[in-house]
Amino acid sequence: MDQRKPPATEEGWYALHDCRSIDWDAWREAPQRVRDRALSEGIDFLDAYEAVEDAEEGQTAVYTVMGHKADIMILHLRPTMGDLDAAERHFEQTEFAAFTEREFSYVSVTEASGYTEKSREYFEGDVDDDSGLAQYIQARLHPDVPDDEFVCFYPMSKRRQPDQNWYDTSFEERAAHIKRHGDIGRTYGGDVNQMIAGSIGFDDWEWGITLWSDDMRHIKELLTEMRFDPSTSQFADFGPFYVGRKFDPSELPAVLAGQRVPTDDESVPDTPAEGAGHEHAPAGAGASHGHADESTASDAQAGTHAGGDTGGHGGAHPGSAGEGDHPHSEESAEADDHPSESESSSETSGGRPDVSADFEEIDDATQRLGRLGLYEGDAYDAGDYALVFHSSADAEDIVDDVSELSESFDHYDRHVQTAVRADSGQTYVVSIWTAKDAAETAAGFLTDIDGIERTMGGPLGEAAEDGDVEDSGDAAAGGSQAAESSQSIRETLEAEGVYAGQPHGEDVYALVVYSEADAGTLDDEVADLRSAFERYDTHVRTTVYGASDAGVSAVASLWDTADAAETAGDYLTDLPGVVGRHGEGDGFGTMGMFYTVKPEYRTDFVEKFDAVGDLLAEMDGHRETSLLFNHDDENDMFIASQWDSQEDAMAFFRSDEFSETVSWGRDVLADRPRHVFLA
């Protein structure tokens, strides 16, 4: 048999289709700070690669993937295989990659072949580089990834069966097949974009085909028509198909939250108050940032309609494509029966009605939050707006539902916090926002919580103007903590290089209870509690500390959220011999300072503490300071101080003696000192 003639080819950019699934169980179980870091690193990676910061040229795009095969697909186009290699390994270094599993990948290179007469002129060098044909082929070799909403990727090979062997046919017969195949494709110009990449010797199949369109039906129609062409029906074998929707890297949090991810031409509100058009907050409250379009609300108010995707079922949600899919999230079909807050209830569908009148306006929100342990400068800033809803349900029965809402609300910049609080046997749901209009929309979701009865909302003081910082030194209810205390101390400690929560992204909340029982007895009791606490993602650690003079012992419990720490307090106060909590009563208790001392410096540290203690005894307003040791690790220490007032404590933190002590501590401490919030 004669040697068959292969076509001439020219190659362009190297391509990697990287399809990943999300480990949803690991994602749900991860602490919020870990998820935040993973999202930040994922967005940074995708942003940098879309900007082609790793190479002189190329393209990168990211897509959701529908169905069981994967959750996301990252497409890289780069000038060299070395660029692809680096991109692949760079992604694996991100925290986000730890929550993914590679389900499929494909390596190829964009390709143009010389089957047609015109293309043969190009390969034989008979056309100018600036000719239309040359430019067309170069565009195929170095394609721009289109902004089309949908992508369809699949690998394929030409059949090599005894009676259907593509490679045994003559060049002329293959060229005729390719021409007819191309003629079909050209009839879909403007509706479908394509990229053909060769992969013989690169991967398991011979070509990788990527199709883009704003309507998946166009791709279906194109591939259906081609199925009946002999070049496909006789000679083509196909691998798995991956179908997805393009999204901007900034929308990664929405993808992980299960939200409908918009494409570039969609408008999504920045906050609930600007159009949270969904029935359930876990789905609707997580829309991505940076895609607000004022025209959306005005169009909705004017009664503008857009058709759904199945016979008109479900009009367009505010910020949706208007002609596309149902939201693939936790929303039910019933969401289409409720108009959004920016729509007339009689004219449009999809969303929730305006709920601005659903709660009682109050002017003592600051005092109410103070009674619940939430203070300005710590839990919120002056000028924020609070919802305080009373529930007849037990706090533990609704904490999961509220936490789920809070996680969804966290996608909005204007959300401060939402949590369950308990006081004197009563259960409250508190939601704090930077603006009233955002709180009003959130109220619509919160009233769905079990047992909600009385609903109230009010401002939290007046925001500072012209850059002035308000002096909010009023004592909170009970006089136990001055307003802005944690913020003031945080800033002072940060200036000294002591870890103080923000901006390092590691804020934790501490609850400290004191007991007259010895540390050994407490440790046995705490062991059971610790096992129970560790079942919760928000738990950091719970430790027993004993004083060197065998006096009072302490149990310090660290949590990711103040609410979780407060709930843990109900159990910790039942420990034997408990005489109080740190910060209770009059005066001012400083934040917990946790120190891990290098073993060889332990004695020096204790001596230094004694010297500082002598200094403290002479300071105005100082009552007592204790050094306690971890019952299980004598090198882990906890210092607690009590003062007459915040001003007295701040005088010490700003003193030269404190600064000198911190400088000395850098040489003897194994870790950076940690300043934590007391719940």
Side-chain angles (χ1 to χ4, degrees), residues 13 15-22 39 42-52 58-67 69-78 87 91 96 100 103-106 108 110 142-154 188 190-197 208-220 222-223 240-268 286-293 309 316-317 319-329 411:
W13 282 342
L16 172 64
H17 293 73
D18 189 358
C19 298
R20 303 268 176 159
S21 63
I22 307 296
L39 288 172
I43 292 171
D44 287 347
F45 172 87
L46 295 172
D47 273 339
Y49 274 79
E50 279 203 359
V52 198
Q59 297 264 294
T60 290
V62 60
Y63 303 86
T64 61
V65 175
M66 288 171 272
K69 298 172 187 173
D71 292 305
I72 62 172
M73 177 172 71
I74 305 172
L75 167 62
H76 293 296
L77 298 172
R78 289 298 185 271
F91 177 76
F96 178 67
T100 71
E103 299 293 347
F104 179 83
S105 66
Y106 203 80
S108 56
T110 56
H142 308 98
D144 283 328
V145 175
D147 289 330
D148 294 346
E149 179 177 359
F150 295 100
V151 67
C152 173
F153 170 76
Y154 59 94
Y188 289 83
D191 291 329
V192 179
N193 291 292
Q194 73 168 0
M195 179 179 75
I196 299 175
I209 311 299
T210 309
L211 305 176
W212 293 277
S213 180
D214 279 326
D215 189 335
M216 273 300 299
R217 291 172 297 184
H218 293 318
I219 294 177
K220 177 179 181 293
L222 166 63
L223 295 181
F241 280 67
Y242 292 84
V243 173
R245 300 176 70 227
K246 189 177 184 182
F247 68 92
D248 187 89
S250 65
E251 297 162 358
L252 187 61
V255 172
L256 271 292
Q259 310 305 322
R260 178 188 176 116
V261 180
T263 54
D264 290 343
D265 62 343
E266 294 176 327
S267 308
V268 171
S288 59
H289 304 303
H291 294 271
D293 186 341
D309 58 342
H317 293 280
S320 72
E323 58 183 53
D325 316 339
H326 293 296
H328 47 82
S329 64
H411 291 289

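What you see is a predicted model; the values in this text were computed from it and never measured.
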task = Could you walk me through whether R78 and Y49 pass side chain to side chain contact (heavy atoms under 4.5 Å, CB included), step by step?
result = CA-CA 10 Å; R78 289 298 185 271; Y49 274 79; 3.2 Å; yes
inquiry  = Once rounded to the nearest 0.5 Å, what's the spacing between atom CG of L223 and atom SG of C152?
reply    = 6.0 Å
query = Taking the side chain as C-beta and beyond, is there a heavy-atom pair between F247 and V62 under 4.5 Å?
reply = yes
ask   = Rounded to the nearest 0.5 Å, what separation is found between the CG atom of L16 and the OG1 atom of T60?
value = 9.5 Å
query = Minimum heavy-atom separation for Y242 to C19, with atom names?
reply = CD2-SG, 4.0 Å
key: Listed partners of V145 passing side-chain contact (heavy atoms from CB on, under 4.5 Å), at least two apart   = Q59, A61, Y63, L75, L77, W212, K246
Distance, nearest 0.5 Å, that separates CG of D148 from CD1 of I219 = 8.0 Å
request  = Applying ring-ring contact (aromatic ring centres under 6.0 Å, His included) between H17 and each of Y154, F241, F153, report the one that passes.
outcome  = F153
message = Ignoring hydrogens, what is the shortest heavy-atom contact between Q194 and L211? Give both atom names and the distance.
response = CB-CD2, 3.5 Å
query = Nearest 0.5 Å, what's the CZ-CG distance between F45 and L252?
reply = 11.5 Å
Minimum heavy-atom distance N193-P146, with the two atoms named = ND2-CB, 4.0 Å
ask   = Would you say the side chain of R20 lies within less than 4.5 Å of the side chain of V65, judging by non-hydrogen atoms?
value = no
inquiry  = With a 3.5 Å distance limit and no angle check, can you tell me whether T110 reaches the backbone of H142 through a side-chain donor-acceptor pair?
reply    = no
note = Applying side chain to side chain donor-acceptor pair (under 3.5 Å) to S21 and not counting sequence neighbours gives E103
message = Quick check for you: to the nearest 0.5 Å, what is the distance between E251 atom CD and T64 atom OG1?
response = 10.0 Å
key: Partners passing salt bridge (charged side-chain N to carboxylate O under 4.0 Å, His left out) against D71 (at least two apart in sequence or in another chain)   = none
key: Shortest non-hydrogen contact between I43 and P253, atoms and distance   = CD1-CD, 3.8 Å
Close aromatic pair by centroid cut-off 6.0 Å: H218 and Y188 = no
note = CZ (R245) and CG (D214) are apart, to the nearest 0.5 Å, by 10.5 Å
ask   = Do the rings of F91 and F96 sit parallel, tilted or perpendicular, given the 30° and 60° boundaries?
value = perpendicular
